[in-house]
Amino acid sequence: MDSIIFDLDGTIWDSVDTILDAWNSSIQKCLAGKMQLTRVDLEGVMGLQADDISKKLFPTLDEELRKKVMDECFNADGEYIKKQGGQLYPNVKEVLSRLSKKFKLFIVSNCQEGYIEAFYEYHQLEKYFLDFENAGRTGLSKGENIKLLMERNNLQSSVYVGDTAGDLKAARFAGIPFVYAEYGFGTVIEYDYVIERFDKLLEIF
């Protein structure tokens with residue numbers, strides 16, 4: 001194995017409370033307070049691509065308004081995250097530091113462009129990762145982005161660490177083993193490895 005590719009939300013950190021503040025502020029602007037999201041609402045769409053999120057959260061809005069609301073939400077959450085960050089899971093910095101000495105580390109997420117950069121900026125973790133990719137930048141599925149990143153970095157033997165069925169699907173599409181972070185947002189019944197805490201990665205790798 002030469003590398004570990006990580007999902008972000010539900011795997012490395014929990015940023016739901018920060019995103020909730022950002023998105024409800026944006027919804028207030030766009031919809032004049034006609035609706036408000038809850039933490040449960042956001043947990044239910046973690047890991048999905050933007051269009052799927054918008055359809056699930058705002059099913060009654062027409063497509064044009066739905067896009068406007070989502071654009072406002074995404075613009076706001078990058079700024080909020082730069083200022084407030086999210087909640088790193090226990091021992092993330094120590095584990096990343098140790099893993100980065102043995103493996104090349106990367107992030108592939110379904111987030112919008114600028115989100116991973118905001119995560120780096122607030123928590124100062126960029127030094128542990130060599131590259132990243134996201135759906136907001138490429139418009140591709142997570143599996144396609146994993147393959148793109150692997151090709152770009154000439155990776156021969158990677159694993160993908162994530163917390164949802166979508167992450168499993170992406171790893172299978174890319175043809176690499178899947179490590180299920182069961183402490184995250186999703187429920188997955190098929191995996192190659194499972195960790196109940198982030199630092200359990202050190203026992204596997």
Side-chain angles (χ1 to χ4, degrees), residues 6-89 92-93 106-126 129 131-146 148-149 162-167 169-170 181 183-187:
F6 291 91
D7 170 52
L8 182 50
D9 294 319
T11 300
I12 294 176
W13 75 345
D14 178 346
S15 62
V16 171
D17 290 336
T18 301
I19 294 173
L20 188 62
D21 289 344
W23 285 28
N24 278 331
S25 174
S26 299
I27 291 167
Q28 177 69 29
K29 291 179 186 177
C30 296
L31 303 178
K34 292 180 181 177
M35 69 172 294
Q36 189 168 21
L37 299 175
T38 67
R39 182 180 171 91
V40 173
D41 292 328
L42 285 188
E43 287 178 347
V45 298
M46 282 294 175
L48 300 180
Q49 290 187 275
D51 189 51
D52 294 323
I53 292 174
S54 70
K55 289 175 181 176
K56 191 166 183 178
L57 292 181
F58 311 113
T60 62
L61 302 183
D62 64 65
E63 187 173 350
E64 183 177 350
L65 181 56
R66 200 164 60 219
K67 185 178 185 307
K68 178 184 176 183
V69 173
M70 288 302 298
D71 286 345
E72 286 286 339
C73 287
F74 283 147
N75 288 335
D77 72 19
E79 293 304 312
Y80 272 63
I81 285 171
K82 286 180 182 177
K83 296 174 182 176
Q84 298 174 214
Q87 183 64 48
L88 294 176
Y89 289 114
V92 159
K93 289 185 178 181
F106 303 88
I107 294 176
V108 171
S109 169
N110 270 341
C111 62
Q112 72 277 16
E113 193 168 5
Y115 185 83
I116 295 174
E117 294 92 326
F119 159 75
Y120 282 161
E121 183 174 329
Y122 187 87
H123 290 288
Q124 299 296 299
L125 294 177
E126 185 174 7
F129 298 97
D131 195 3
F132 67 87
E133 198 51 89
N134 57 68
R137 184 160 70 179
T138 67
L140 300 174
S141 71
K142 185 173 283 187
E144 291 170 320
N145 278 326
I146 291 173
L148 176 67
L149 181 137
D163 66 305
T164 67
D167 293 331
K169 180 180 178 181
Y183 53 81
F185 300 120
T187 300

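Because the structure is a prediction, the values reported are computed rather than measured.
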Worksheet entry | Which residues share a side-chain contact (heavy atoms from CB on, under 4.5 Å) with T60, sequence neighbours left out | none

Response to the item:
F6 meets the ring pair (Phe, Tyr, Trp, His ring centres under 6.0 Å) criterion, sequence neighbours left out, with F198

Worksheet entry | Point-to-point distance, once rounded to the nearest 0.5 Å, from NZ of K29 to CG of N24 | 12.5 Å

Worksheet, complete the sentence: Looking only at heavy atoms, the pair that brings N145 and L140 closest together is ND2-O, 3.4 Å

Item to complete: State which residues pass side chain to side chain donor-acceptor pair (under 3.5 Å) with R39; sequence neighbours excluded, sorted by chain then number.
Response: D14, D17, E43

Worksheet entry | Positive for salt bridge (Lys or Arg N to Asp or Glu O under 4.0 Å) with K142, one of D52, D9, D167 | D167

Worksheet item: Please, which pairs that meet salt bridge (charged side-chain N to carboxylate O under 4.0 Å, His left out) have at least one residue in residues 57-66, sequence neighbours excluded?
Response: none

Item to complete: With sequence neighbours left out, write down each residue that passes side chain to side chain donor-acceptor pair (under 3.5 Å) with N134, or none if nothing qualifies.
Response: none

Worksheet item: Going by the ring pair (Phe, Tyr, Trp, His ring centres under 6.0 Å) test, which pairs reach into residues 66-88, not counting sequence neighbours?
Response: W23-F74

Fill in: W13 and its ring-ring contact (aromatic ring centres under 6.0 Å, His included) partner, picked from Y183, F119, Y120
F119

Practice prompt. Determine the minimum heavy-atom distance between Q49 and A135, stating which atoms define it.
Written response: NE2-CB, 3.4 Å

Discussion item. Which residues pass the side-chain contact (heavy atoms from CB on, under 4.5 Å) test with N75, not counting sequence neighbours?
Written reply: none

Worksheet item: Of all heavy-atom pairs between L57 and D41, which one has the smallest distance, and what is that distance?
Response: CD2-O, 3.8 Å

Worksheet item: Partners of F185 by ring pair (Phe, Tyr, Trp, His ring centres under 6.0 Å), sequence neighbours excluded?
Response: none

Practice prompt. Please identify each residue that fulfils side chain to side chain donor-acceptor pair (under 3.5 Å) with K67, with sequence neighbours left out.
Written response: D71

Worksheet entry | side chain to side chain donor-acceptor pair (under 3.5 Å) partners for K55, two or more places apart | D51

Worksheet entry | Pairwise salt bridge (charged side-chain N to carboxylate O under 4.0 Å, His left out) hits with a residue in residues 112-124, at least two apart | none

Worksheet item: Pairs in or reaching into residues 34-69: which pass ring pair (Phe, Tyr, Trp, His ring centres under 6.0 Å), with residues at least two apart or in two chains?
Response: none

